[in-house]
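Keep in mind the model is a prediction, meaning the values are calculated, not measured. So that the names make sense, note that chain A is the first sequence line, chain B the second, and so on, each numbered from 1.
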Amino acid sequence: MQKYSGFGLLKHALSHHENWQRVWRNPVPKKKYDVVIVGGGGHGLATAYYLAKVHNITNIAVLEKGYLGGGNTARNTTIVRSNYLWDESAKLYEHAMKLWEGLSQDLNYNVMFSQRGVLNLGHTLQDMRDISRRVNANRLNGIDGEVLDPQQIKEIVPMMDCSDRPRYPIMGASWQPRGGVARHDAVAWGFARAADALGVDLIQQCEVVDFIIEDGAATGVRTKTHGSISADRIGCVTAGNSSVMAKMAGFKLPLESHPLQALVSEPIKPILDTVVMSNHVHGYISQSDKGDLVIGAGIDGYNGYGQRGSYHTIEHTVQAIVELFPVFSRVRMNRQWGGIVDTCPDACPIISATPVENLFFNCGWGTGGFKATPGSGHVFAETLAAGEASEMAKPFSMFRFHDGALIDEHGAAGVAH
Amino acid sequence: MFYIFCPHCEEHREEEEFHAAGQAHIPRPLDPEACSDKEWGEYLFFRDNPRGIHHELWVHAVGCRKFFNITRDTQTYEIKEVYKVGEKPKFTAVSETGADLKSSLKAQESAT
């Protein structure tokens, strides 16, 4: 792999940037791999990367139906934070946060991780009690957090309406300074390039249509375009399609797939240098480096695989944003996008062994998977390498819905659940 | 946005008046105490999540506030039918996307 550097940029400038190496190979799949990962989004690519880097397993294929990072990975609102309530999930998301902090250097790819801080607003007394509880829990777990009053919020985001005027006035907020945003498609490309450099085969346009299961153990996959590919272990990281994949393998997951929407405005001059989220009035917003306002809407209430959402959901979100930021009322929206998210009853992911031996699932991230990308990959790689759930993955077994040990993160998971 | 026919009000109303209440036709176990943890967990948390035909319970939340069922395609979003609780659906999920492809691929493989 050609290493990216400032000097390299100068060198290539001499040849008019026409001789850059391709970012990854486009190999023909082998017949057999140690590990096959189904799904080439951020989590799948991160899993492949950490398997190769940390566990020295390089005979890996990542099979992707479309193109790498072409789904939810590259279309989300890019928010990264780790202020989750319960110990299990706080540990997992903070693990991801620590990996984010060194990710650009680790991957030799600028993922534009910007720790600009995340505000979670409270509009009712109960909101404020929940916020205090969560911030205290975070601090006990070594995660940074503060409770702010409206005056302090005003200092951070001067043009937000912190007065008594709105229908739901802002009463305070939690503030995680280490939270922020990252460039979503750079994350997918960075992991893909680094995994490829370690020998991982990234196979695009290769849809998996069935698992090959013998005596209760998975031995490979059938693909639409490249026939059968056998594998010692299979990791399925297919987000919104996980239920469909589980059905192929003959079991059920406690997931429901919903459309979730995001939208961006026309690019405007820098105006918002932090991330603002509100569970109560239901909207979240940040500004990208390009200048467009990135706005997240809620999920549609019904199950759907249509990759489009309802307009009234957008309307409600934009109403909330304009209530918070009257100054944005005349900004025009540019693009809207709907992705399919796999929501879990307790708003926590599933990183788990399954009833089928050698088949593992990493799913159920619902509306908030992006922030966990490196952590999810790291933990799932450890699980795949060991053939059993790693220490951090254990609480996130799919069997927690049988024994009742749920991890209720509906509060911290925030807006869209 | 869906335009939904409420079988109780007997008229079409916009989706915003309704609320999706999840999968339809889930019978509560007759004797919950006799359920194993697995059975009870499945009753509480495990739902059908098909890419295709799905039977759903909806409530006309800001209308008559009554529940009814919808058979809907989760891929095309087409509403196939609306029927009252207690009635039987006319459409049922027979084959899901990919099912035919799957069996034909299997047949292909066993032939070679």
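Every pair passing side-chain hydrogen bond (donor to acceptor under 3.5 Å, both in side chains) that includes a residue from residues 344-358 of chain A is listed here, sequence neighbours excluded: A:Asp346-A:Arg400.
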Could you list the donor-acceptor pairs under 3.5 angstrom formed between side-chain atoms of residues 33-46 of chain B and any protein atom two or more places apart in sequence or on another chain?
{"from": "B:Ser36", "atom 1": "OG", "to": "B:Glu39", "atom 2": "N", "distance (Å)": "3.2"}
{"from": "B:Glu39", "atom 1": "OE1", "to": "B:Ser36", "atom 2": "N", "distance (Å)": "3.0"}
{"from": "B:Glu42", "atom 1": "OE2", "to": "A:His402", "atom 2": "NE2", "distance (Å)": "3.1"}

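B:Lys88 NZ: 12 or fewer foreign heavy atoms inside a 6.0 Å radius. Within a 6.0 Å radius of CZ in A:Phe251, other residues, nucleotides and ligands contribute more than 12 heavy atoms. No more than 12 heavy atoms of other residues, nucleotides or ligands sit less than 6.0 Å from atom CD of B:Glu14. For A:Asp215, the CG atom sits in a loose shell: 12 or fewer heavy atoms of surrounding residues, nucleotides or ligands are nearer than 6.0 Å.
Put simply, of A:Gly240, A:Ser242, A:Gly306, the one with the most heavy-atom pairs under 4.5 Å next to chain B is A:Gly306. Per-residue counts of heavy-atom pairs under 4.5 Å with chain A were compared for B:Glu56, B:Met1, B:Glu16; the largest is that of B:Glu16.
Side-chain contact between B:Gln75 and A:Tyr305 is present, with heavy atoms from C-beta onward closer than 4.5 Å. Contact of the A:Tyr302 side chain with the B:Glu15 side chain is registered, since non-hydrogen atoms from C-beta on lie closer than 4.5 Å.
Scored by the ring-ring contact (aromatic ring centres under 6.0 Å, His included) test, B:Phe68 finds B:Phe18 as partners (sequence neighbours excluded).
Separating the OG1 atom in A:Thr343 from the CG atom in B:Asn49 is a distance of 8.0 Å, to the nearest 0.5 Å. Rounding to the nearest 0.5 Å places CZ of B:Arg51 at 8.5 Å from OG of A:Ser257.
Interface residue A:His316: only side-chain heavy atoms are found under 4.5 Å from chain B. Looking at A:Leu406, the atoms closer than 4.5 Å to chain B (heavy atoms on both sides) all sit in the side chain, from C-beta outward. Only the side chain of A:Asn241 comes within contact range of chain B, judged by heavy atoms closer than 4.5 Å. When heavy atoms are compared at a cutoff of 4.5 Å, B:Asp48 approaches chain A by way of both its backbone and its side chain.
Of residues 57-66 of chain B, those residues lying under 4.5 Å from chain A by any heavy-atom pair are B:Trp58.
Remark: side-chain polar atoms of B:Arg72 are not paired, donor with acceptor, to backbone N or O of A:Gly304 under 3.5 angstrom.
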